[in-house]
Protein chains: 2
Amino acid sequence: MVTRDGRRRVTISDVASHAQVSTTAVSKVLRNAYGVSEAMRAKVQAAIDELGYRPHAAARAMRGRTFTIGVVLPHIRNPFFADILDGLDEQIAGAGYQAIIVQGGTMDPGSEGRAIDALVDRQVDGIFIVAPVLARSRLEETARSTPTVVLGRHDRSAVYDSVLDDDEVGAELAVEHLIALGHRRIAHISQKDSGPSRSVAWLHTIRARTYERVMAEHGLAEHVAVVATSYTEEGGYQATSELLARSLRPSAIFAGADQAAFGALAAIHEAGLTVPGDVSVVGYDNARVTALAHISLTSVDQDGAIMGKTAGRLLLERIIEGRTSAVRFSVTPTLVARRSTAPPRAITDQK
Amino acid sequence: MVTRDGRRRVTISDVASHAQVSTTAVSKVLRNAYGVSEAMRAKVQAAIDELGYRPHAAARAMRGRTFTIGVVLPHIRNPFFADILDGLDEQIAGAGYQAIIVQGGTMDPGSEGRAIDALVDRQVDGIFIVAPVLARSRLEETARSTPTVVLGRHDRSAVYDSVLDDDEVGAELAVEHLIALGHRRIAHISQKDSGPSRSVAWLHTIRARTYERVMAEHGLAEHVAVVATSYTEEGGYQATSELLARSLRPSAIFAGADQAAFGALAAIHEAGLTVPGDVSVVGYDNARVTALAHISLTSVDQDGAIMGKTAGRLLLERIIEGRTSAVRFSVTPTLVARRSTAPPRAITDQK
DNA sequence: CTGAAAGCGCTAACAA
DNA sequence: TTGTTAGCGCTTTCAG
């Protein structure tokens, strides 16, 4: 293969002839395969270093491994995904693996499917899919041929591994927190379902249902108000604008994701109201920015770094050790109370 | 190649035999190559659809194109990069190209180099590198063998294309804005140089130098205060903490990037001071979140979507049309004033 | 422990 | 216009 500047890329046979051995030997050294003498290893390694040889991933992909993990993210705008990715990178880098990311698009199963296909076509050794909206059967189809770990889905699969946080606990923490502060008119911002059916597999469904359950348990069923837009700033802004326009304005909003909560903050402020004076806001994910003084958003914390790290480990287990049984890893979320939540005005005034 | 579940992947020869033609014919149809009859095209396309065939990118990589653009991002945490990426995706998707993203790490030329190598090894058709810290010679080495577009570098290259905003204009807007408000003690948060030498190629150098120049032009040279940490929240927080501890506290801070400005806001608030009451803050990038009511950060806007879109176009020109001359595309930034800037206390009080 | 050789799926000369 | 065929760089039997 000739590169643009006319220089040939260094190949395995260049290394072989330079080290006076066969290409097979070089290949074995490269992969730390069984059956190479120390002398051979040293000689080959010297040649590799001298020539600056790097294995051609595409050629490898034809027969063996690519040492690549494909990551499907709905989009890279959510800072929480960055935490997840850092955990993944940390785990797989040591084993010589590279993560490549593709954007799957939000709420569109079609583009999500295309993103997954793109990764499969590029022969990645493992796939890590974050919060997919595709049908489980479609995910399993991919998982049958490529080791797969799915993050944030509650349905159980025997084919792929799952990493998730206990969204029921998380949502409960958020709603109970608001109720404990004295709120009754608590609204929830959820994500619109991408398909015709509402699946309990999606984390937004769990969060919404738990919100409804906890409200009912406290005798607040009549105050249940769910607006389903999307877990984005725009979605949060839009949902909140609608909620604030209602005759009985909520005194608190539980947003299903921090991104949506940011949009909610903007909408509340724009309506001339204050946080938490007029409306309290709780988010979910505890992305780093939530801690910023000017936002200071109360949020449900799930450890993204641990989740990403675990995903990496599970993937390597499948790839390297050949595990085929499905594993499910769940973290328990906690609530981080900040300045976006306070007792409702009425109660404050009574003091 | 046998997949895990024992099913062979559909290959070009499966399509060929199913359509009763040669693999060459199928390959030509796939690439819209010259010299295929309409009948042939229809027959082959039917077989492709029927079998659900998808080209194997790795195999293609051995001979031709992979239809893949590799993107090197310092990290995915900066929301401004999301804007850039959206522009890129929009541009290349139509041509059938896929973007894959790898994280290059901030301020470490080593890991940035490894990220680029990973892309080259995977035989991407083009590389888009965002705000690299590597030496130009190293970038050009890659650019000589793979079409490359670099974003945010001010040095000129004859080998790769450049997309950038006019950081001199942008920094000027920011500093002039603060001076016009009446500020004199204006500090600047910059990024630490990754190497021994300070290069004017880096945008952070331009922003810092321009800050110094504009200050001097207004007779404020004695008030110049630059703290170089990094364009991250942590960096902004740390730099601001240091600035606030000085005997002569600045009344305004020009952060070289929004991310750093966020950190600055947190540090100011934590010190018991208010924005813009005690300290005004200006950012750079105008990432979407800056518009949020609770942040409402004054910032220098550069159109990320346009920049990404242009990068995509330049890459496709090189890949498809074979352009080899270098192009330089520059956008002119504007200032978006929000509520994080106001006249300094002393002046306000005089009113 | 080492090497020769086949072949992964695809593209591009070249022939027909 | 269509088909035959030789590799691309690597891994992997299978002999030596």
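Order of the sequence lines sets the chain letters (A, B, ...), proteins ahead of strands, with each chain counted from 1. Just so it is clear, the values below take in all heavy atoms, side chains as well, and ignore hydrogens, waters and symmetry mates.
Look at CD on A/Gln123: it is 13 Å from P on D/dT11, rounded to the nearest Å. The CZ-P distance, from A/Arg63 to C/dA6, rounds to 13 Å in whole Å. The separation between B/Leu30 atom CG and C/dG9 atom P is 15 Å, rounded to whole Å. In this structure, B/Ile12 places its CD1 atom 14 Å from P of D/dT4, rounding to the nearest Å. For the pair A/Asp125 CG and D/dT11 C1', the interatomic distance rounds to 14 Å; values are reported in whole Å. Counting to the nearest Å, the C1' atom of C/dC10 and the CG atom of B/Asp14 are 13 Å from each other. Look at CE on B/Met40: it is 9 Å from C1' on D/dG3, rounded to the nearest Å. Distance B/Phe67 CZ to C/dT11 P: 8 Å, rounded to the nearest Å.
Taking 4.0 angstrom as the limit, B/Ser27 places a side-chain polar atom (N or O) nearer than this to OP1 or OP2 of C/dT11. For C/dG3, one of the phosphate oxygens OP1 or OP2 lies less than 4.0 angstrom from a side-chain nitrogen or oxygen of A/Ser22. The phosphate of C/dC10 (OP1 or OP2) has no side-chain N or O of B/Arg31 nearer than 4.0 angstrom. Between A/Arg60 and D/dT11 there is a side-chain N or O to OP1 or OP2 distance below 4.0 Å.
Looking at the side chain of A/Met62, the nearest of the listed nucleotides C/dG9, C/dC1, D/dC10 is C/dG9. Each of D/dT11, C/dG3, D/dG3 was ranked by its minimum atom distance to the side chain of A/Thr23; first place goes to D/dT11. Of the candidates C/dG3, C/dC10, D/dG9, the closest approach to any side-chain atom of B/Ala59 belongs to C/dC10. In this structure, of C/dG9, D/dG3, D/dT1, it is D/dT1 that holds the atom nearest to the side chain of B/Ser37.
B/Leu88 has its side chain within reach of B/Val71: a pair of non-hydrogen atoms, C-beta onward, lies under 4.5 Å apart. For the pair A/Val120 and B/Arg9, the minimum side-chain heavy-atom distance is below 4.5 Å.
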Original post:
Between B/Arg318 and B/Asp161, is a salt bridge (Lys or Arg N to Asp or Glu O under 4.0 Å) present by the stated rule, with each step listed?
Top reply: CA-CA 10 Å; B/Arg318 282 187 179 262; B/Asp161 298 330; 2.7 Å; yes

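In this structure, A/Arg60 does not pair ionically with B/Asp121, as no charged nitrogen and carboxylate oxygen lie closer than 4.0 Å.
No side-chain donor-acceptor contact under 3.5 Å links A/Arg156 and A/Ser162.
Along DNA chain C, the nucleotide nearest B/Arg65 and the nucleotide nearest B/Lys28 are compared for position; the residue whose nucleotide lies closer to the 5' end is B/Arg65.
Using a 4.0 Å heavy-atom distance criterion, B/Thr24 is classed as a base contact.
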